[in-house]
Amino acid sequence: MTDTLLRGRILTFHHEPTDPEDTAAYSYIEDGAILMRNGMIAASGSYEEVAQTGGNFTVIDHRPNLLMAGFIDAHIHFPQVQVVASWGVQLLDWLNNYTFPAEAEYANAQHARAMAGRFCTMLTDHGTTTAMAFCSVHKASAEAYFAEGTARNMRMIGGKTMMDRNAPETVRDTPQAGYDDSKELIAAWHGKGRISYAITPRFAITSSPAQLEMTGALAAEHPDCYIQTHLSENHDEIAYTAALYPDARDYLDIYESYGLLGPRTFLGHCIHLKEREVAAIAESGAHPVFCPTSNLFLGSGLFDDAGLRARGIKSGIATDIGGGTSYSMLQTLNEGYKVLQLQNQTLHALRAFHWITRGNAEVLGLADKIGTLDAGTEADIVVLDPAATPAMALRMERAGTLAEELFILQMMGDDRTIAQTYVAGQPQKETAR
């Protein structure tokens with residue numbers, strides 16, 4: 001099989017940049033190359049060096065575009081692809097009026113399969129090569145999601161949502177059914193190819209104590225699985241949760257008490273945390289996930305990135321489709337920058353691009369596999385055109401540094417900026433730019 005060599009400007013990160021001048025945090029090569037072999041990165045570096053490694057390879061010249069590791073989305077809802085941009089008051093109204101009716105349709109395996117294909121195409125069209133997704137409560141939904149990810153050889157994480165109360169019957173399971181379906185899905189899919197399973201109780205409002213007890217048992221039996229849920233997104237949600245679990249010290253204590261808090265736990269939103277909750281997250285190694293477009297769209301609040309970072313907490317960042325309003329991790333960075341600006345916090349471009357590549361890979365425990373352009377990692381690569389639109393091209397005429405270029409991509413980029421996406425070395429767009 002002929003290897004493929006991508007030529008272009010390459011950027012990869014070694015650690016999170018401490019500030020915009022931290023040049024040791026990354027490698028940037030003007031005339032760079034990435035050699036892909038059997039879905040892996042065989043070599044990366046300067047074009048002159050990599051081209052001399054020998055063997056037969058086809059050269060794809062992406063100059064003057066920028067090549068980076070594929071983007072990683074740490075929190076997204078697969079069955080919400082058709083509820084994006086649905087007008088709602090706030091979180092709970094939005095769930096009842098739009099989300100639950102849409103998710104009910106995923107009991108139909110044919111519908112789930114059709115949507116899985118369109119969902120994965122949306123991801124790669126926006127430069128995202130790995131996602132951690134909530135499927136619907138239906139086993140067929142998760143099967144469709146995993147099957148599509150496998151067919152495309154994508155590194156994907158996901159799980160069947162577990163919810164047995166405070167929702168329409170069409171999107172409820174039972175404690176035993178949620179446990180049984182999840183266990184069967186883990187056996188069938190977890191660790192197969194590039195698929196990993198996430199045990200997925202939606203949130204405390206829609207899971208009874210009996211279901212969370214079964215969820216904790218599942219987590220204890222499968223410690224190598226991820227756990228994903230939601231925490232402290234909205235004031236009404238928090239109040240309702242407190243009424244349902246009156247003996248809990250706080251919202252997080254509910255998950256803690258059922259053994260669901262640890263370094264493989266991902267907590268969507270985490271906006272209105274109490275001091276005890278922050279301390280418990282820090283001690284456990286769990287990961288909040290910042291969802292800026294969703295938090296703004298639903299009026300939920302502002303994520304305290306600096307406060308959590310000061311406690312040593314490592315957070316993910318994500319689109320949260322369909323409460324989120326864009327599949328683009330670039331637009332996620334755009335809105336994230338503004339959320340932090342409102343709190344006198346900063347998100348410089350180098351840290352931003354680290355966050356959606358190596359940063360998210362690190363919190364997922366996958367930095368040895370994805371998130372960089374290091375030799376020996378999986379060949380998930382995005383090609384970025386910083387002059388993709390007339391407005392970007394005009395602005396780029398005045399960009400004098402890499403940091404300036406990245407900030408233009410961060411603030412003005414979207415799917416039009418993605419010239420090509422490679423998943424395990426295979427191009428995803430028929431026509432590259």
Side-chain angles (χ1 to χ4, degrees), residues 13-18 25 72-76 130-134 155 157-159 162 182 186 190-191 196-204 207 212-213 215-233 248-291 303-318 320 336 345 351 354-372:
F13 291 93
H14 312 303
H15 62 255
E16 182 181 79
T18 55
I72 301 165
D73 190 339
H75 182 107
I76 188 169
T130 290
M132 176 182 261
F134 288 66
R155 181 161 288 284
I157 304 164
M162 303 164 74
S182 298
I186 291 168
H190 182 61
S196 296
Y197 198 84
I199 297 165
T200 308
R202 186 182 215 110
F203 60 166
S207 285
L212 289 182
E213 186 174 350
T215 305
L218 197 64
E221 293 162 11
H222 302 280
D224 57 334
C225 286
Y226 296 95
I227 298 168
Q228 60 177 349
T229 189
H230 298 83
L231 177 70
S232 298
E233 180 178 0
R249 290 174 291 177
D250 46 49
Y251 196 157
L252 183 66
D253 189 41
I254 300 165
Y255 301 138
E256 282 183 90
S257 65
Y258 291 102
L260 299 175
L261 195 63
R264 294 180 74 80
T265 302
F266 287 75
L267 303 163
H269 308 296
C270 293
I271 298 173
H272 308 290
L273 298 176
K274 297 178 180 178
E275 170 55 31
R276 197 208 69 81
E277 292 174 305
V278 174
I281 290 171
E283 183 179 356
S284 68
H287 304 286
V289 184
F290 180 23
C291 303
F303 183 83
D304 183 15
D305 176 55
L308 295 174
R309 288 166 58 83
R311 302 294 290 272
I313 294 169
K314 294 184 176 180
S315 301
I317 188 167
D320 191 30
Q345 301 178 20
R351 182 163 80 86
H354 174 272
W355 205 351
I356 63 173
T357 55
R358 187 186 176 279
N360 269 350
E362 188 175 37
V363 297
L364 289 167
L366 294 173
D368 61 329
K369 294 179 171 63
I370 57 174
T372 73

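For clarity, every value in this text was computed on a predicted model and none was experimentally measured. Residue numbers start at 1 and run along the sequence shown.
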Taking the side chain as C-beta and beyond, is there a heavy-atom pair between [X] and [Y] under 4.5 Å?
{"X": "T200", "Y": "T229", "result": "no"}
{"X": "I72", "Y": "L366", "result": "no"}
{"X": "D320", "Y": "H269", "result": "yes"}
{"X": "L260", "Y": "I199", "result": "no"}
{"X": "I281", "Y": "L308", "result": "no"}
{"X": "V289", "Y": "V363", "result": "no"}
{"X": "P288", "Y": "F303", "result": "yes"}

Donor-acceptor pair, distance only, cut-off 3.5 Å: does the side chain of [X] make one with the backbone of [Y]?
{"X": "Q228", "Y": "A133", "result": "yes"}
{"X": "R358", "Y": "A367", "result": "no"}
{"X": "H287", "Y": "F266", "result": "no"}
{"X": "S196", "Y": "H190", "result": "no"}
{"X": "T130", "Y": "R155", "result": "yes"}
{"X": "Y226", "Y": "L364", "result": "yes"}

Does [X] have any side-chain hydrogen bond (donor to acceptor under 3.5 Å, both in side chains) partners at least two apart in sequence or in another chain, and if so, which?
{"X": "Y251", "value": "E237"}
{"X": "H230", "value": "H75, H77"}
{"X": "D73", "value": "T319"}
{"X": "R264", "value": "none"}

Heavy-atom pair with the smallest gap, counting every atom of [X] and [Y]:
{"X": "G316", "Y": "N360", "answer": "CA-OD1, 3.2 Å"}
{"X": "I254", "Y": "S257", "answer": "O-OG, 2.8 Å"}
{"X": "A219", "Y": "I227", "answer": "CB-CD1, 3.8 Å"}

Q345: partners by side-chain contact (heavy atoms from CB on, under 4.5 Å), with sequence neighbours left out: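 Here the qualifying residues are D304, D305, A306, L340, Q343.
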Working for side chain to side chain contact (heavy atoms under 4.5 Å, CB included), residues S207 and T215: CA-CA 10 Å; S207 285; T215 305; 5.6 Å; no
Gap between atom OH of Y255 and atom CG of L267 - 0.5 Å precision: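 It is 7.5 Å, given to the nearest 0.5 Å.
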Cationic N near anionic O, under 4.0 Å, R309 to E16: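 Looking at E16 together with R309, the answer is yes, because their closest N to O distance falls below 4.0 Å.
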Residues forming a salt bridge (Lys or Arg N to Asp or Glu O under 4.0 Å) with K369, sequence neighbours excluded: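 Here no residue qualifies.
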By salt bridge (Lys or Arg N to Asp or Glu O under 4.0 Å) - contacts of D253 (at least two apart):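 Result, salt bridge (Lys or Arg N to Asp or Glu O under 4.0 Å) vs D253: R249.
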Any pair counted as side-chain hydrogen bond (donor to acceptor under 3.5 Å, both in side chains), so long as it reaches residues 275-286, sequence neighbours left out: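 Of all non-adjacent pairs touching residues 275-286, those that pass side-chain hydrogen bond (donor to acceptor under 3.5 Å, both in side chains) are D250-R276, E256-R276, E275-R311.
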Side chain to side chain contact (heavy atoms under 4.5 Å, CB included) assessment of I157 paired with Y197: CA-CA 6 Å; I157 304 164; Y197 198 84; over 6 Å; no
H222: partners by ring pair (Phe, Tyr, Trp, His ring centres under 6.0 Å), with sequence neighbours left out: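 Here no residue qualifies.
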